[in-house]
Amino acid sequence: MSENPGPRVRFAPSPTGYLHVGGARTALFSFLLARHAGGTFVLRIEDTDRARSSEEMTRSILDSMAWLGLDFDEGPHHQADGLERHRANALRLLENGAAYRCFCAPPEPGRSAGGETELCGCGRIPDDEAEGRAEAGEACALRFRVPAGETSWEDAVHGRRAVENEHVTDFVLLRSDGTPVYNLAVVSDDIEMEITYILRGDDHLSNTPKQIMLYEALGATLPTFAHVPMILGTDGKRLSKRHGATSVGAYRDQGILPEALFNFLALLGWSAGDDREIMDAAELIKAFSVGRILKKSAVFDPEKLTWLNRQHIERMPIDRLVELARGPLEEAGVPAAFIEASPERVLEVLDLVRERGNTVAAVALQAAPFLRDEIAYEPEAVARFWKRPAEAAELLRAVGYRLSTLDDFEPASLEPVIRQLASDKEVGAGKVIHPLRVAVMGTGVSPEIFAVLSLMGRERTLERIQQALGYLDAMASAKLAETGEPPAPDEEGQ
Ligand code: GLU
């Protein structure tokens, strides 16, 4: 074991499914707790249920943790490796009288083997008789003999909790096939791994008294327990598949960034105590304390997750954004070779549009028109802003003419030219800007147009205006043929 004096905190997932939001938050809080106090974060895969556990799920849990940045210091330990120790612990309890042999038939299939059954009479069978029956080959389980009295503990989230032991039935430790039951395995492992702090979901609250009895019967020091309230959907019901994606992998596939999910999970039932919400891992580690975990259930609000994702996209180092956007840019038609050859340009464009999408893929879509040669006109933008093609063409011709005479293509030089043109034509600036945006971007919305033109550059801007004029002239002729409407007079340019 390490010499580290800080708390030893474990995350103990069962590999029976993907890492879901609840498990990820337990892992995250445990990680923050260990890191904040300079302790040790231990990972233990609870794979004793062979039928329901799988290697594939173990791998996917490890992947999700790595993706989120939940690095453990020890492990992964596998609970199944501790089988002999679990049995030895149970036998010790049998020897010291804290457990007894139970010869009742194993529960019907479908009933929990370690669950609460009506107290059988086996606890009253004299030791030598029970031993004789076991030696004669009669199948038996080992059951814990719940002592009289009360079991209590100071929960780090819920405060003092206590149960009268008479409400706890003698519980199975080892099934008759020799397999350990969860409460035994978990206590045996936590003692062996010198875990000092157990943070887990409050669905385990009912197990805690039994586990405390086992610590006491085994003469081990109790860890601190912190039970984290459950997570609800926005409808107030327990979070489940009905609410949409619940696994970490599904959020990754939707374009949620690990730092955004990390931040979001940390705020599920915890707050820094000031008005900070957008926080990175280092800030969260620094600010975290179990004392600020709320007693009431947390509500999972997907809109907040989307919002946080956007905030992290806006704030991340631009180099990381460039790296993340590479794939999505290629998918949006920007050649890989161009991205390779012009990193500065990719960076500039992404920096301009980074605040315009909820995901990196959405940001890449905004960036693509600047970075690929071909332009695609969005049909909705054409229908809306090039509704009168002859009029739009006339304005664009004038824009092209005036822009071609400009020496510098900075936003501050472009703006007065466009505004002057609108005023000369006695139209609002929007009447010029909207058709111009469709011409250079193909879209109805974009970052501020003067920044767009500047970034697009003179050559490409003029080229696109020319291209748009061709398109608009064809539209105007088609319209004329259809309606007999004459094209608008050409005042400026050629
Ligand atoms: N393996 C248990 C689970 O996934 C957790 C056990 C514990 O944290 O004590 O629910």
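Both counts, for ligands and for their atoms, begin at 1 and track the order of listing.
Pairing each heavy atom of L324 with each of L257, the nearest pair is CD1-CD2, 3.6 Å.
The V186 neighbourhood of ligand 1 comprises atoms 9 (O), with distances under 4.0 Å to a heavy atom of that residue. The distance from ligand 1 to the heavy atoms of R10 drops below 4.0 Å at these ligand atoms: 7 (C), 8 (O), 9 (O). Using a 4.0 Å cut-off to heavy atoms of R200, the atoms of ligand 1 that qualify are 7 (C), 8 (O), 9 (O). For ligand 1, the atoms sitting less than 4.0 Å from at least one non-hydrogen atom of E46 are 1 (N), 2 (C), 5 (C), 6 (C), numbered in the order shown with element in parentheses. When each atom of ligand 1 is checked for a heavy atom of S14 under 4.0 Å away, the hits are 1 (N), 2 (C), 3 (C), 4 (O).
For the residue pair D301 and T234, no side-chain donor N or O sits within less than 3.5 Å of a side-chain acceptor on the partner. With no hydrogens or angles considered, a side-chain donor-acceptor pair links Q211 and N183 at under 3.5 Å.
Summary of contacts: the protein heavy atom closest to atom 10 (O) of ligand 1 is H204 NE2, 2.9 Å. With respect to atom 5 (C) of ligand 1, the closest heavy atom belonging to the protein is A12 O, 3.3 Å.
Checking only distances, I198 never comes within under 3.5 Å of ligand 1, N or O to N or O.
For H312 and F264, the ring centers sit 6.0 Å or farther from each other.
Looking at R200, R161, H204 one by one, the single match for side chain to side chain donor-acceptor pair (under 3.5 Å) with H227 turns out to be R200.
The residue R44 has no part lying near ligand 1, judged by heavy-atom distances below 4.0 Å.
Between F29 and F288, the angle of the ring planes lies from 30° to 60°, which puts this pair in the tilted group.
The shell of residues lying under 4.0 angstrom from ligand 1, judged by heavy atoms, excludes F11.
Put simply, the side chain of L93 reaches to within 4.5 Å of the side chain of L173, judged on heavy atoms.
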